Amino acid sequence: MQYLNELNDIQRQAVTDINGPSLVVAGPGSGKTRVLTYRIAYLIDSKIPPYQILALTFTNKAAKEMKERISKVVGSSVNKVWAGTFHSIFARILRFEADKIGYPSSFTIYDTDDTKSLLNAIVKEMGLDPKAYGAGTLYNRISSAKSNLISPTAYSNNAELLEKDRAKGVGQLHHIYKKYSERCRRSGAMDFDDLLFQTYRLLHQNPDGVLEKYRSKFSHLLVDEFQDTNYLQYSIIKKLCLYDGSPQNICAVGDDAQSIYAFRGATIDNILDFEKDFKGLKTYKLEQNYRSTPYIVNAANSVITHNKKQIKKVIWTSHEQGEKIRLVKAISDTEEARRVVDLIQEQKNRYHLSNSEIAILYRTNAQSRLFEEYLRRSNLAYRIYGGLSFYQRKEVKDILAYLRLINNQNDDEALKRIINYPRRGIGNTSLDKVSAFANANGISLWEAIGSDTDFGRSTNSIKKFRKMIEGFIQKETGVGIYDLATYVVNKSEVIDDLKKDGSHEGQSRLENVQALLDAIKDFEENDEIIDEATLPDKSLESYLQNIALVSDLDNEEEGSETITLMSVHSAKGLEFKSVFVVGLEENLFPSAMAIKSREGVDEERRLFYVAITRAEQYLTLSFAKTRYRYGKISEDTASRFLKEIDIEYFDDSSQSAALESSGVQRSGVRMAPMRKVLRKPIKVNPNFKASSISDIIEGAEVVHQRFGKGKVLKVDGDNDSRVATIAFDNSFDETKRILLKYAKLQVL
DNA sequence: GGGGGCTATGGGGGG
DNA sequence: CATAGCCCCC
């Protein structure tokens with residue numbers, strides 16, 4: 001157990017205290033993953049059978065990293081540990097037990113698109129106004145209901161919810177929820193929330209003693225990112241290890257300051273409840289940050305103190321003073337991108353950074369475009385995470401829909417997607433007839449098209465379609481999924497359809513289909529993918545589950561030499577030597593939706609905290625005064641979060657920008673669109689000699705090293721906080737406010 | 001039934 | 001700006 005020596009005292013206690021409940025409050029960079037992995041290794045070394053260990057994470061990436069690190073210590077027994085995301089672990093359990101709650105074991109997992117498409121169909125059927133009942137809103141509300149363990153029936157009986165819906169003009173929501181659930185069931189489909197919701201129902205209803213089975217199966221539980229669990233997830237955890245006679249061997253690891261998923265139902269209350277629910281809980285606080293330099297740690301600390309509600313802790317580091325934080329103030333979003341990329345070049349040269357040590361983090365995925373453009377121009381290799389993943393591309397989803405239908409014929413969403421792709425003369429009118437028939441009889445679309453009903457002039461085409469799929473199902477038995485997929489792609493004439501399109505995009509769609517087939521082959525042949533806890537075999541069902549639950553974040557190529565571009569959300573848990581957090585403007589970061597409420601801003605602040613604590617050595621923050629959004633130029637002030645960082649933590653050249661960012665709002669002089677900015681090279685005047693602060697008075701003509709000549713309009717504040725308002729001759733701004741304590745000004 | 005072009009509308013983060 | 005939904009014409 002050599003590894004115990006690699007831990008500090010608190011970490012070691014958290015690792016070796018394996019009996020009873022414990023909570024590890026882990027600040028950023030405090031060795032959280034190390035504690036989790038060594039704790040599992042320690043459990044195994046303590047003769048706990050690995051298959052009795054359940055470790056739940058939020059991302060596949062976290063699970064994968066954990067497993068890799070455990071295997072270095074304990075070898076192949078790691079494959080027997082049940083380590084994975086909440087969703088994948090529960091999907092696995094549901095595959096075993098689905099029949100006990102009325103689902104087929106080959107159930108489909110509906111992704112967001114499937115869910116929204118089904119919701120739209122239901123709204124249409126009910127004759128409701130699709131504008132008032134937007135699929136996105138419906139989805140969020142249904143998701144939130146499930147996350148709070150509210151079934152459709154409970155929803156309909158909840159006067160408060162009904163009243164709220166009525167007030168918002170969505171009074172029919174409870175009916176939609178009910179219908180949606182029925183339709184999912186009829187289709188043998190679960191959405192992402194169902195993977196949790198149905199697991200809870202399974203354990204709660206406890207058919208054939210499944211509850212006892214899993215309680216005794218998992219003797220030791222670990223939960224990563226506990227601050228991001230929602231009520232439903234915590235309820236499942238409690239089902240598994242909070243009961244009479246339970247040893248309560250649970251270890252929750254998290255950081256309330258990094259809770260950034262309240263929008264999908266995560267609640268900090270879980271941490272507070274955890275202390276109440278599990279008596280004798282031991283709390284370990286990991287407060288030493290091994291990741292970042294003091295400026296970064298201190299800046300993060302000063303930001304997060306603006307949130308009232310938090311577990312008391314003091315994050316500190318023993319690292320040496322490093323570089324101060326840099327702030328880039330750009331006139332436009334394009335200028336921001338250009339200057340950030342310039343700085344990346346500069347940092348690469350000066351500090352010999354490799355691409356993989358650099359990340360650009362933004363609030364919204366839409367911001368990636370400009371950075372992408374400038375990085376490409378500069379010949380810097382980059383990789384964008386998030387956004388449209390491979391598996392969300394139309395042509396890929398089309399093929400997967402065929403495979404889904406082969407796996408589960410009641411999968412209505414899959415059927416709807418391909419019944420007329422490629423074109424086979426089955427239009428909306430016919431499909432509506434099929435749907436109406438299916439609904440009237442409470443059967444799936446597949447069952448409907450199998451009946452002897454007349455669906456108008458498309459009836460023949462519909463029968464032919466069904467015959468074709470039946471042929472595929474026949475083919476499935478006895479042949480591998482790669483062969484099956486290849487057969488389907490050809491026989492369905494998808495490939496012919498794609499070949500018809502000679503355009504550039506058509507070509508790339510064809511390539512994507514080929515890439516999908518390659519990926520399927522890889523899945524089939526690659527032994528590493530076998531994982532007892534999540535993917536037991538190489539079946540079609542197993543493959544479909546896998547791709548439904550991975551994101552492209554999880555498919556990182558090893559050792560790729562690229563600059564990382566991603567949203568702050570996806571950056572959680574990662575670290576980079578140099579981090580650029582961009583787009584720090586009001587209405588963007590914090591987002592316009594969040595600033596309406598205190599809780600909203602607090603969550604954005606935690607998100608900002610997550611962003612800056614990703615940096616090990618160099619942190620650059622940037623904002624733009626104007627930015628293209630939704631086709632229009634918008635103008636916003638610097639983010640309030642910038643003001644929450646002590647100005648001392650910024651480097652000299654950034655301080656005036658920092659100050660200005662906290663200055664008063666300028667009255668609405670609208671910037672001309674896409675105004676070209678000519679940047680003057682900074683000439684260093686050899687005769688420059690800074691004057692003393694007392695000489696800088698109202699009316700004085702002064703020279704600034706960087707901004708050039710200007711006139712002092714006024715001076716306010718006293719002593720160290722004296723600020724001069726100066727009009728510089730060659731500035732785009734009317735005035736700048738400069739803190740005299742730091743300014744280098746010479747009176748003429 | 002299919003396709004092209006127009007208009008209105010939304011606008012976030014992810015498994 | 002992107003995209004969904006609509007209308008109109010073939």
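Letters A, B, ... mirror the listed sequences (proteins, then strands); counts begin at 1. None of the values given here were measured: they were computed from a predicted structure. Heavy-atom basis, side chains included; hydrogens, waters and symmetry copies ignored.
- Comment: A/E413 does not engage A/R404 in a salt bridge, judged by the lack of any side-chain N to carboxylate O separation of less than 4.0 angstrom.
- Residues of residues 419-438 of chain A that place a heavy atom closer than 4.0 Å to DNA chain B, in numerical order, are A/N420, A/R423, A/G425, A/I426, A/G427, A/T429, A/S430.
- Stacking here means ring centres nearer than 5.5 Å and ring planes tilted less than 30 degrees, and by that measure A/Y261 does not stack onto B/dG14.
- As a whole-Å value, the separation of A/Q233 CD from B/dG15 C1' is 9 Å.
- Salt bridge status for A/D114 with A/R417: absent, with no side-chain N to carboxylate O gap under 4.0 Å.
- A salt bridge links A/D194 to A/K146: one of the charged nitrogens lies within less than 4.0 Å of a carboxylate oxygen.
- The interatomic distance linking A/Y139 (OH) with B/dG14 (P) rounds to 13 Å, in whole Å.
- Between A/R376 and A/E372 a salt bridge is recorded (basic side-chain N to carboxylate O distance below 4.0 Å).
- Judged by atom type and distance alone, A/R457 does not reach the base of B/dG1 through any side-chain donor-acceptor pair under 3.5 Å.
- Across all strands shown, A/S567 has heavy atoms under 4.0 Å from sugar-phosphate atoms exclusively, and none from any base.
- Between A/D224 atom CG and B/dG14 atom C1' the separation is 16 Å, expressed in whole Å.
- For A/D602 and A/R605, the salt-bridge test passes: some basic side-chain N is under 4.0 Å from an acidic carboxylate O.
- Distances shorter than 4.0 Å separate some side-chain N or O of A/S570 from OP1 or OP2 on B/dG14.
- Residue contacts for A/F86: at a heavy-atom cut-off of 4.0 Å it reaches no nucleic acid atom on any strand shown.
- What separates CG of A/L195 from P of B/dG14 is a distance of 18 Å, to the nearest Å.
- Put simply, CG on A/N365 is 16 Å from C1' on C/dC1, counting in whole angstrom units.
- Close placement of the A/Y261 and A/H569 rings is indicated, their centers lying within 6.0 Å of each other.
- For A/E603 and B/dG13, the CD to P distance is 13 Å, given to the nearest whole Å.
- Of the candidate nucleotides B/dG12, B/dG14, B/dG15, B/dG12 has the atom nearest to the side chain of A/S591.
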- Query: Could you write out DNA chain B as a dot-bracket string, with dots for unpaired bases, | for bases paired across to another strand, and Watson-Crick or G-U pairs counted at under 3.5 Å?
  - Reply: ||||||||||.....
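- Relative to the side chain of A/M593, the nucleotides B/dG15, B/dG12, B/dG13 differ in distance, and B/dG12 lies closest.
- Taking every side-chain heavy atom of A/T59 into account, B/dG15 is the closest of B/dT9, B/dG13, B/dG15.
- Among the heavy atoms of the strands lying under 4.0 Å from A/E604 is at least one base atom, whether or not backbone atoms are also near.
- The six-membered or imidazole ring of A/F371 lies away from that of A/F580, with a centre-to-centre distance of 6.0 Å or more.
- If you measure from atom CG of A/D111 to atom P of B/dG14, you get 15 Å, rounded to the nearest angstrom.
- Taking the nucleotide of DNA chain B with the nearest heavy atom to each of A/S458 and A/I260, the more 5' of the two is matched to A/S458.
- The separation between A/I595 atom CD1 and B/dG12 atom P is 15 Å, rounded to whole Å.
- Between A/R141 and A/D165 there is a salt bridge, with a side-chain nitrogen of the basic residue lying less than 4.0 Å from a carboxylate oxygen of the acidic one.
- Applying the ring-ring contact (aromatic ring centres under 6.0 Å, His included) test to every pair with at least one member in residues 103-141 of chain A, sequence neighbours left out, gives no pairs at all.
- Residue-to-nucleotide proximity on DNA chain B shows that, of A/K632 and A/F192, the 5′-proximal contact is made by A/K632.
- In this model, a side-chain donor or acceptor of A/D193 finds a partner on the base of B/dG15 within 3.5 Å.
- A salt bridge links A/K394 to A/D398: one of the charged nitrogens lies within less than 4.0 Å of a carboxylate oxygen.
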